[in-house]
Amino acid sequence: MHTTLQLFLDGEEVQVISGQFPDGAVYARFAVPAAAGVAQMRIRAAAMRSMDDFMALAQLVDAVRHHYPIRESLLELPYLPFARQDRHMGAGDSFALKVFGQLLNTLKFDRVTVLDPHSDVAAAAIDRFHAVAQQHCMQHSARLTQLLSQQALLPIAPDAGALKKIHAVAEHFALNEYGIMTKHRDVQSGQLTGFALLAGDVRGRDVLIVDDLCDAGGTFIGAAQVLRQHGARSVSLYVTHGIFSKGVEHLLAQGINNIYTTTSYAPADIAGARVELIDIARIYAH
């Protein structure tokens with residue numbers, strides 16, 4: 001089990017006990033507080049990535065509703081799992097986001113709040129879905145806000161899929177321009193080719209690649225190489241969801257100067273002089 005579950009009853013955090021039985025089955029329960037007549041349940045489930053994580057969430061929901069006559073149930077799901085499988089990609093593939101959405105909907109939350117979802121399809125797959133936009137996550141980094149507001153960083157969209165979001169980022173921080181890149185990904189093999197800078201003068205400038213998530217980081221390593229070839233002075237990276245399956249050092253050693261991400265998925269121990277973590281608690285507080 002990977003997810004971190006936090007439970008709030010009428011706004012007060014309550015201890016969650018979770019683990020795994022010898023046969024591999026997971027469990028989750030809560031330490032029942034002295035308070036009676038609880039009306040609102042709010043659960044924050046960070047770094048959800050497997051069906052074991054979903055089962056732990058479902059058991060916690062069941063336990064709370066069994067004990068209290070809950071009138072409002074809220075889920076804060078910072079990272080939406082399976083969002084990259086937002087359609088039938090090819091013959092024999094499943095539409096995993098739809099399958100996950102159907103399961104999540106059985107828990108009947110009154111609102112499900114996701115940070116910067118990878119796919120717009122999520123709004124159709126999940127009932128009572130609410131998204132926190134990318135720029136509203138970024139603004140909780142004081143350093144990023146200062147640099148962007150001073151026009152000291154040029155934001156870069158790494159591919160066509162990031163265009164809509166980069167425009168909203170530029171508008172939010174009152175930026176006059178942003179850069180646009182392109183690449184090609186082979187759907188079957190995942191191989192990346194064709195990195196190119198389509199728009200934006202990066203010569204002698206500090207740039208910030210902006211995207212919703214980073215897995216192995218091939219997109220950003222390839223983009224950084226092209227940006228430096230075009231004269232960029234430094235290349236930093238913002239992603240809302242830092243999976244970093246090859247580690248942040250893999251990126252920092254291959255052209256990325258600084259990394260900004262949230263705690264939606266990334267563990268706290270990756271923070272350092274060149275890696276800033278934005279606490280999701282600050283984002284959800286607003």
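When reading the values below, keep in mind they use all heavy atoms of this one structure, side chains included, and skip hydrogens, waters and symmetry mates.
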* Does the pair Ile259 and Leu252 meet the rule for a side-chain contact (heavy atoms from CB on, under 4.5 Å), with working shown? -> CA-CA 8 Å; Ile259 296 172; Leu252 296 173; 3.9 Å; yes

* To do: For residues His118 and His241, establish whether the separation of their ring centroids is below 6.0 Å.
  => no

* Structure fact -> Across all chains, not counting sequence neighbours, the ring-ring contact (aromatic ring centres under 6.0 Å, His included) partners of Phe129 are none

* Yes or no on side-chain contact (heavy atoms from CB on, under 4.5 Å) for Val210 and Val239, after CA distance, side-chain angles and deciding distance? -> CA-CA 6 Å; Val210 180; Val239 289; over 6 Å; no

* Val99, Leu77: one ILVMFWY side-chain cluster at the under-4.5 Å cut-off? -> no

* Leu277 vs Ile270 side-chain heavy atoms within contact, under 4.5 Å -> yes

* Chi angles and distances behind the side-chain contact (heavy atoms from CB on, under 4.5 Å) call for Asp159, Met181 -> CA-CA 5 Å; Asp159 51 38; Met181 299 191 71; over 6 Å; no

* Asked: Roughly how far, to the nearest 0.5 Å, is the CD1 atom of Ile280 from the SG atom of Cys137?
  -> 10.0 Å

* Side-chain heavy atoms under 4.5 angstrom apart, residues restricted to Ile, Leu, Val, Met, Phe, Trp, Tyr: same cluster for Leu208 and Leu163? -> yes

* **Candidate pair Arg87 and Asp93, rule salt bridge (Lys or Arg N to Asp or Glu O under 4.0 Å), full reasoning** => CA-CA 9 Å; Arg87 61 191 183 281; Asp93 286 344; over 6 Å; no

* To do: For residues Leu74 and Phe109, report the shortest heavy-atom separation together with the two atoms involved.
  => C-CD2, 3.7 Å

* To do: Please answer whether the main-chain N or O of Arg49 pairs with a side-chain N or O of Asp53 as donor and acceptor at a distance below 3.5 Å.
  => yes

* **Residue pairs involving residues 67-82 (criterion side chain to side chain donor-acceptor pair (under 3.5 Å); sequence neighbours excluded)** => Gln40-Glu72, Arg42-Glu76, Arg44-Glu76, Arg65-Ser73

* Is the Tyr238-Tyr260 ring centre distance short of 6.0 angstrom? -> no

* So with a 6.0 Å cut-off around CZ of Arg128, is the heavy-atom count from everything else above 12? -> yes

* Can you find a pair of side-chain heavy atoms, one from Leu60 and one from Arg29, that are under 4.5 Å apart? -> no

* Could you go step by step and tell me if Ser245 and Asp215 meet the side-chain hydrogen bond (donor to acceptor under 3.5 Å, both in side chains) rule? -> CA-CA 5 Å; Ser245 57; Asp215 193 333; 2.6 Å; yes

* Do you reckon Leu213 sits in the same ILVMFWY cluster as Val169, going by side-chain contacts under 4.5 Å, direct or chained? -> no

* To do: Tell me, please, which residues at least two apart from Arg233 pass side chain to side chain donor-acceptor pair (under 3.5 Å).
  => Asp206

Would you be so kind as to tabulate the donor-acceptor pairs closer than 3.5 Å made by side chains of residues 224-232, with sequence neighbours excluded?
unit_1, atom_1, unit_2, atom_2, d
Arg228, NE, Gly255, O, 3.3
Arg228, NH2, Gly255, O, 3.0
Arg228, NH2, Asn257, OD1, 2.5

* Asked: Which residue pairs pass the salt bridge (Lys or Arg N to Asp or Glu O under 4.0 Å) test when at least one of the two sits in residues 266-279, sequence neighbours left out?
  -> none

* Give a yes or no on whether Val132 and Val114 share a hydrophobic cluster (residues Ile, Leu, Val, Met, Phe, Trp, Tyr; joining criterion: side-chain heavy atoms under 4.5 Å apart). => no

* Any side-chain heavy-atom pair of Ile256 and Ser236 under 4.5 Å -> no

* Any donor-acceptor pair under 3.5 Å from Gln134 side chain to Leu115 backbone -> no

* Do Lys164 and Asp120 have side-chain heavy atoms sitting under 4.5 Å apart? -> yes

* Structure fact -> Closest non-hydrogen atoms of Ile278 and Ser141, given as atom of the first, atom of the second and distance, are CD1-CB, 3.7 Å

* Taking Asp212 for the side chain and Pro117 for the main chain, is one N or O donor matched with an acceptor at less than 3.5 Å? -> no

* To do: Determine the minimum heavy-atom distance between Ala45 and Leu75, stating which atoms define it.
  => CB-CD1, 4.4 Å

* Asked: Is there side-chain contact between Val235 and Ile156, with at least one heavy-atom pair below 4.5 Å?
  -> no

* Does Gln254 reach the main-chain N or O of His250 with its side chain, forming a donor-acceptor pair under 3.5 Å? -> yes

* **Contacts of type salt bridge (Lys or Arg N to Asp or Glu O under 4.0 Å), residue Arg282, not counting sequence neighbours** => none

* Non-hydrogen atoms of Asp127 and Val112 that approach each other most closely -> O-CG2, 4.1 Å

* Asked: Between His136 and His172, what is the ring plane arrangement, given parallel below 30°, perpendicular above 60°, and tilted in between?
  -> perpendicular

* Do the side chain of Asn176 and the main chain of Ala170 share a donor and acceptor less than 3.5 angstrom apart? -> no

* Spell out, yes or no, whether Ile209 and Tyr178 are grouped together once hydrophobic residues are joined by side-chain heavy atoms under 4.5 Å, including indirect joins. => no

* To do: For the pair Gln59 and Tyr27, evaluate side-chain contact (heavy atoms from CB on, under 4.5 Å) and give the outcome as yes or no after the intermediate values.
  => CA-CA 7 Å; Gln59 289 179 59; Tyr27 63 85; 4.0 Å; yes

* Ignoring hydrogens and geometry, is there a side-chain-to-backbone donor-acceptor pair from Ser119 to Val121 under 3.5 Å? -> yes

* Asked: Are the ring centres of His286 and His140 closer than 6.0 Å?
  -> yes

* To do: Would you check if the side chain of Asp116 reaches a backbone N or O of Ala133 as a donor-acceptor pair within less than 3.5 Å?
  => no

